[in-house]
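In what follows, every heavy atom counts, from backbone to side chain, and hydrogens, waters and symmetry copies are set aside.
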Amino acid sequence: MKAGNAGGAKHPLFAAQKTPLGESLFAAGAAARPQKGPTARAWAEIDLAALRHNAAVLQNALPAGCLLMPVLKANAYGHGLVLTGRALGRAGVRAFAVATLEEGIQLRKAGVRGEILILGYTPAACAWRLFFWELTQTVADAAHARALSAVGLPLKVHIALDTGMHRLGLPVAAPEDLAALREVFLLPGLEIRGVYSHLCTVEGRTAGDAAFVQTQTDAFFAAVEHLRAAELDPGRVHLQASYGILELPWLRCGYARAGVAVLGTVRADVQNPLPLLPVLSLRARVACVRRVAAGQTAGYARAFTARRDTLLATVCIGFVDGVPRALGGSGACALLHGRRAPVVGRVCMDQLLLDVTDIPSAVPGDVVTLIGRDGGEEITAVELAGYGSTVPALLGRLGARLPRIPV
C-alpha cells in the first residue's frame with residue numbers, strides 16, 4: 001500500500017481543480033474579480049475600535065462618579081456577547097448588564113471581571129449559580145426578594161423599582177409601597193448593591209412623553225431619598241438607559257446603562273448627540289446573477305414582478321440569519337459596489353433577491369452590505385430597522401450561524 005498520494009494522480013473530483021475547492025464554490029465570474037473579506041456566505045464585522053471609542057465617549061459624557069454599564073443582552077444585540085464583553089473589559093469597563101443568568105455565566109467563563117447585573121428574573125432555585133459565579137441579581141418584586149433571601153446564601157442584588165412602566169420592580173407610589181421596600185432592605189442574605197428603574201417614554205417626542213419621564217424620575221429619586229432618610233443604603237442608583245444618557249445626561253446616578261448607544265446605533269434626533277460610531281456591519285456574498293424578462297415573476301408566491309428586463313442577484317443571507325422577511329418590496333436596499341440595490345420579492349430562509357439592473361457589473365462572489373458602509377454610501381441599523389422593526393429587534397435577531405469577525 002502506498003504511503004500517500006503526494007505527486008501521484010489526483011482523484012477525478014479534483015483532477016480539473018487549479019484552485020482549492022473552497023475557492024471554486026463561486027461561479028467563473030467571481031474568479032474574474034479578486035474576492036475581498038471573509039470566505040463565509042454571510043457574516044457580521046465587529047469594529048472593536050469603534051466599540052472602545054463609544055465607551056470612552058459615553059463615559060466622558062457622564063457626571064463625575066457615574067460609571068458606564070454596557071448592556072450586552074441578546075448576544076450583545078447580535079454583536080457577540082463574549083467578543084464585546086472581553087473588548088470592553090480590556091478597555092477598563094468594570095460593570096455590565098445582561099438579561100439572563102446564562103448570559104452572565106458566559107461572560108464569567110470568558111474571564112470578564114467586575115459587576116455583572118442580571119436585569120431579568122432568575123428563580124430562587126438557581127441562586128447557588130448566582131453565588132458561585134459572583135453575579136448580581138435583579139430583585140423583581142417583594143416575593144422574589146423573600147424567595148432569594150430564604151435560600152440562605154449571601155447574594156448580591158439590585159432592587160428594581162416600578163416607577164410607572166409596570167414591568168419588573170417594587171412599586172413606590174404609595175406609603176405602604178415604601179414600607180414594603182424598607183422591609184426588603186431588612187431581609188437577611190441580600191447584599192443590596194444598587195437600586196434602579198427604567199424610563200419607558202424617554203425616546204418619545206410628545207409633551208406627554210416628557211411629562212411621564214419627569215413623573216418617573218421624581219418617583220425614583222423620591223424613593224431613593226426615602227431609603228437614605230431611613231438610614232438604608234441604596235448602593236449605586238441607576239435610571240438612564242441609552243436614550244436616557246443622551247436626553248438626560250445631567251442626572252446624578254451611580255451607573256448609566258448603555259445598550260444600543262455603546263454599539264453606536266441610536267437615532268440622530270436626540271437632544272444631546274454624541275460622536276458615536278456604528279460597531280456592526282452586516283455583509284453577504286452574491287451567489288448568482290440572472291436576467292428576468294419584463295413581466296416575469298420571481299421568489300415565493302411570485303411576489304416580485306419585473307416591470308422591465310431585470311438583473312437579479314441572489315444573496316446568501318435570509319430571515320434565519322436575522323434579515324426581516326418584510327424587507328422585500330418595502331423600499332429597503334442593500335449596497336453593492338457602493339450603490340444601492342432594492343431588496344425584492346420575499347426574503348427566503350437562506351437567501352434574498354436584489355434588483356441589480358442598474359449595477360450590471362455585479363457577479364457571483366461580490367460582497368453585499370446590508371448594514372454598514374460601502375464606498376460613499378452607508379446603510380445604518382437605524383435605517384434598516386425603519387422597515388417595520390426596531391434596532392434592538394433587528395440586531396438581537398441576527399442569527400447564530402453568522403460569524404462575528406472582529407475588525
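Between atom CD of residue Q137 and atom CG of residue L119 there is a gap of 9.0 Å, rounded to the nearest 0.5 Å. In this structure, D177 CG and L161 CG are separated by 10.5 Å, a value rounded to the nearest 0.5 Å. Between S361 atom OG and D366 atom CG the span is 7.0 Å, to the nearest 0.5 Å. Distance check, rounded to the nearest 0.5 Å: CG of L280 to OG1 of T265 gives 9.0 Å. In this structure, OG1 on T390 lies 8.5 Å from CG on L395, to the nearest 0.5 angstrom. Note that CG of L58 is 7.5 Å distant from OG of S242, once rounded to the nearest 0.5 Å.
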Test V262 against V93 for side chain to side chain contact (heavy atoms under 4.5 Å, CB included), laying out the working first. CA-CA 12 Å; V262 81; V93 174; over 6 Å; no

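Here D355 does not pair with R307 in a salt bridge; the nearest charged N to carboxylate O distance is not below 4.0 Å. Taking 4.0 Å as the cut-off between side-chain N and carboxylate O, E377 and R340 count as a salt-bridged pair. Salt-bridge formation is detected for the pair R283/E45: a Lys NZ or Arg NE/NH1/NH2 atom is positioned less than 4.0 Å from an Asp or Glu carboxylate oxygen.
Remark: the backbone N or O of L248 is paired with a side-chain donor or acceptor of Q240 at under 3.5 angstrom. Within the 3.5 Å criterion, the main-chain N or O of D269 finds a donor-acceptor partner in the side chain of R205. R129 places no side-chain N or O within donor-acceptor distance of the main-chain N or O of I105, the cut-off being under 3.5 Å. Of the possible donor and acceptor atoms, none in the side chain of Q351 sits under 3.5 Å from a partner among the backbone N and O of C348. Under a 3.5 Å cut-off, the side chain of R228 and the backbone N or O of L232 do not form any donor-acceptor pair.
A tilted orientation is assigned to the rings of Y121 and H144, their planes being inclined by 30° to 60°.
When each of R257, R193, K156 is tested with E115 by the rule salt bridge (Lys or Arg N to Asp or Glu O under 4.0 Å), just one qualifies, namely R193. Just one residue in the list D321, V367, L402 forms a side-chain contact (heavy atoms from CB on, under 4.5 Å) with W43, and that residue is V367.
Judged purely by distance below 3.5 Å, without hydrogens or angles, the side chains of Y196 and T138 pair a donor atom with an acceptor atom.
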